[in-house]
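In the text below, chain A, chain B and the rest are named by the order of the sequence lines, each starting its count at 1.
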Amino acid sequence: MPFGYNGKVLHVDLSSGDFDVEDICKEFYRTYMGGSGLIGYYLLKMLKPGIDPFSPDNVLVFAPGVMTGAPLGGMCRFAVGAKSPLTGVFGQSEAGGFWGPELKRAGFDAIVIKGKASKPVYIYINDGDVKICDADHLWGKRTGEAQDIIRAEQNDPAIRVAQIGPGGENLVRFACITNELKHFNGRNGLGAVMGSKNLKAIAVRGKRQIPVADRQLMSEISKEFSAIVMENPLTRGLYENGTAAAVLGNSAAGILPTKNFHYGEFDRAESISAEAMNEKILVAREGCYACPVRCKRAVKSERYSVEPRFGGPEYETLASFGSLCLIDDIEVIAKANQMCNEYTLDTISTGMTIAFAMECFEANILTKEDTDGIELVFGNKEALLATIEKIAKREGFGNVLAEGSKRASEIIGRGSERFVLTVKGQELPMHDPRGKYSVGLAYALSEKGADHMVAAHDTMIASKDQFSFKEIMPLGILEPEKPTKFSPLKVRTFAYLSMWWSFFNAAGICDFVPVPRSSMSIDDVINALNAFTGWKTSVFEVMKVGERALALARIFNAREGFDAKDDIVPERLHGPLKNGALKGSFLPKEDFMQALQLYYGMMGWTENGIPTKEKLLELGLEWLVEG
Amino acid sequence: MVGRRVMAKVIIFKGNKLIEREIKLDSPFPLGDLLDKIDVSREEVGFAICKSDFISMDDLVNPDDEVRIFPPLGGG
């Protein structure tokens with residue numbers, strides 16, 4: 001019996017209704033661990049290049065990591081992957097919550113789903129037993145009601161449900177997947193892939209204990225981490241203010257995306273800040289499985305019928321519906337957040353796509369005749385809410401925006417493409433790279449399209465006197481670099497941290513737990529991994545796991561024709577910030593392109609951004625070279 | 001001759017608030033020493049911005065400058 005994982009992957013064919021269980025050896029877990037590593041393996045093995053992401057040929061993988069379910073804070077994450085209908089390349093998105101640990105307690109380390117059901121279904125896994133259940137009666141229902149019905153009809157209120165709402169059913173290209181109504185695999189439109197397979201939900205119940213190799217050591221690490229949560233300013237800040245704290249900080253620093261990335265400072269940032277949330281709508285601080293950080297929020301607004309069961313807006317959502325669209329009412333943002341949660345729309349892409357349309361409206365490219373009578377101007381709260389509804393239902397103009405801003409621009413034409421801010425077709429998250437250059441590298445290089453969760457942001461590790469920086473020195477990062485400077489040091493730091501972050505994903509570790517974003521030391525992360533699995537692993541081995549997962553995704557994208565030409569950021573980011581503390585700052589294009597080339601070289605990739613044969617062999621991926 | 005005494009403004013983002021302080025300076029002063037003067041621990045500072053640029057602890061702050069001080073800020 002292995003420790004820390006089950007050694008079993010569930011395969012489901014929705015076309016036939018058959019399923020079987022694949023036994024997996026220890027070496028596989030040490031090589032790929034789970035998350036994006038496991039997803040990359042199965043997508044490359046099972047998918048032919050060029051398939052339509054909405055066809056039954058697409059494969060959908062739910063993948064916790066080796067550490068998911070460990071009795072330790074932050075060990076809750078799972079990733080979902082498929083070919084993305086938004087980007088057309090490697091799709092992968094992580095979530096926290098409770099669903100990942102529950103799947104492992106139910107006996108499986110991952111689920112690989114192919115085919116398409118002839119009518120709506122959901123998969124029910126109960127302590128190793130698998131059933132495919134009718135979901136005709138659930139189709140069209142929002143998430144809250146659907147979860148209530150599944151729990152009632154299976155007679156178990158503790159079932160964990162990962163599901164889609166009408167946004168996923170209607171194939172909105174940026175539809176997400178929710179678990180527990182308030183945790184999200186947000187990006188890349190993977191909820192739409194579920195919808196294309198007529199798969200409404202995966203309901204899981206597991207009562208088994210996951211065996212821990214060294215329970216005493218695990219307990220010691222857990223106690224130590226819990227003890228420092230309220231002492232360390234980073235984790236204490238996450239508890240007290242959640243991710244929302246970044247709204248006011250980023251605005252003061254001039255890097256809060258405002259009015260579709262025209263500006264970096266929002267003059268009404270205080271009205272959508274953590275303080276505003278705490279004073280006006282916060283009802284509870286919540287957390288994920290076994291986590292003492294408790295960075296999640298539950299909010300309530302009677303004015304807009306916002307219920308705490310759907311959680312509360314994160315920083316990304318406060319910015320994407322707030323400063324980006326010039327909305328300064330936190331209750332409206334909470335309502336927009338809840339609508340997206342009930343319909344399962346990614347709040348980043350939803351906000352960005354609406355901001356794109358608002359800029360088109362401002363430039364008279366769109367008029368009320370195009371928008372079904374909606375006055376789609378920046379700052380119009382009711383227009384924001386009405387447009388979200390239309391997107392989720394693909395009604396009228398919402399049917400255009402449901403394609404995402406890049407495709408919407410191709411439909412609209414008339415020069416609207418200059419207002420599109422995407423990378424590989426995915427909308428930018430709420431961080432302006434003009435004040436933190438590594439984020440520009442992250443946006444360009446991420447195999448998933450623009451993504452802010454690729455490595456530490458420059459502003460996290462800019463001071464050599466500070467805890468966050470000092471704690472990453474064991475990775476070989478010995479000097480900080482200025483946030484607005486490209487240099488070999490900057491690129492090397494980004495390369496190392498992109499591997500460290502990629503390892504978190506593969507292992508199922510939330511990045512709000514380890515250093516540098518939080519307070520668990522590198523040694524404790526490795527010790528916890530050893531305590532859970534009984535392995536004797538090292539920083540070297542886990543960094544290679546992270547690097548391998550990045551290479552797999554890169555090879556997947558290369559098969560689809562994506563390479564260095566696609567590693568670019570929107571032209572707007574090469575122009576100056578128009579206000580704020582960093583007014584005038586920009587992403588210098590030539591230096592940026594040189595930094596990308598340097599990164600390719602450091603990673604053992606060609607000048608065209610593709611891992612070399614030698615690099616693949618060094619990573620133990622002979623099957624990719626031979627295949 | 002009397003030296004020029006001007007107020008430098010320091011805006012500190014801490015917890016959930018922006019706190020403004022004004023400090024009299026006769027001449028350019030290293031940021032690190034300025035922080036010592038107002039009892040801000042260097043270990044709590046993630047980065048600082050002055051005149052549209054990031055500055056380090058050794059950089060000089062002029063008497064009429066505005067400096068913004070932040071804890072480490074990341075994504076997520």
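By the 4.0 Å N-to-carboxylate-O rule, B:R68 lies close enough to A:E265 to be salt-bridged with it.
Among A:P233, A:A456, A:A253, the residue making the largest number of heavy-atom pairs under 4.5 Å with chain B is A:A253. Heavy-atom pairs under 4.5 Å with chain A were tallied for B:K14, B:R42, B:E43; the largest tally goes to B:E43. Interface summary for chain B: among A:G249, A:A245, A:G254, the most heavy-atom pairs under 4.5 angstrom belong to A:G249. Heavy-atom pairs under 4.5 Å with chain B peak, among A:T484, A:T459, A:T243, A:D511, at A:T459. Counting heavy-atom pairs closer than 4.5 Å to chain B, the top-ranked of the candidates A:P429, A:S463, A:S273 is A:S463.
Around the NZ atom of B:K37, the shell of radius 6.0 Å holds more than 12 heavy atoms that belong to other residues, nucleotides or ligands. Counting non-hydrogen atoms of neighbouring residues, nucleotides and ligands closer than 6.0 angstrom, the OH atom of A:Y496 reaches no more than 12 such neighbours. The 12-atom threshold is exceeded at CZ of A:R236, counting heavy atoms of other residues, nucleotides or ligands nearer than 6.0 Å. Within a 6.0 Å radius of CD in A:E286, other residues, nucleotides and ligands contribute more than 12 heavy atoms.
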Can A:L248 and B:K17 be said to form a side-chain contact (heavy atoms from CB on, under 4.5 Å), step by step?
-> CA-CA 8 Å; A:L248 201 53; B:K17 295 183 191 318; 5.7 Å; no
Show your working on side-chain contact (heavy atoms from CB on, under 4.5 Å) between B:V45 and A:Q466 and close with a plain yes or no.
-> CA-CA 7 Å; B:V45 176; A:Q466 212 280 325; 6.0 Å; no
Might you work through the side-chain contact (heavy atoms from CB on, under 4.5 Å) test for A:L582 and B:F54, ending with a clear yes or no?
-> CA-CA 8 Å; A:L582 289 170; B:F54 290 88; 3.8 Å; yes
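When heavy atoms are compared at a cutoff of 4.5 Å, A:S585 does not approach chain B at all. Heavy atoms of A:F469 lying under 4.5 Å from chain B are absent altogether. Proximity to chain B (any heavy atom under 4.5 Å) is shown, for A:D458, by neither the backbone nor the side chain. Contacts of A:E275 with chain B are made by both backbone and side-chain atoms, with heavy-atom separations under 4.5 Å. For A:K464, no part lies near chain B; criterion is any non-hydrogen pair under 4.5 Å.
Here the straight-line distance linking atom NZ of A:K583 with atom CG of B:D53 works out to 15.5 Å at 0.5 Å rounding. Taken to the nearest 0.5 Å, the NZ atom of A:K482 stands 9.0 Å off from the OG atom of B:S56.
Smallest separation of non-hydrogen atoms from B:L73 and A:H457: O-CB, 4.2 Å. The two residues A:A252 and B:L18 make their nearest non-hydrogen contact at CB-CD2, 3.7 Å.
At least one side-chain heavy atom of A:L234 sits less than 4.5 Å from a side-chain heavy atom of B:P72.
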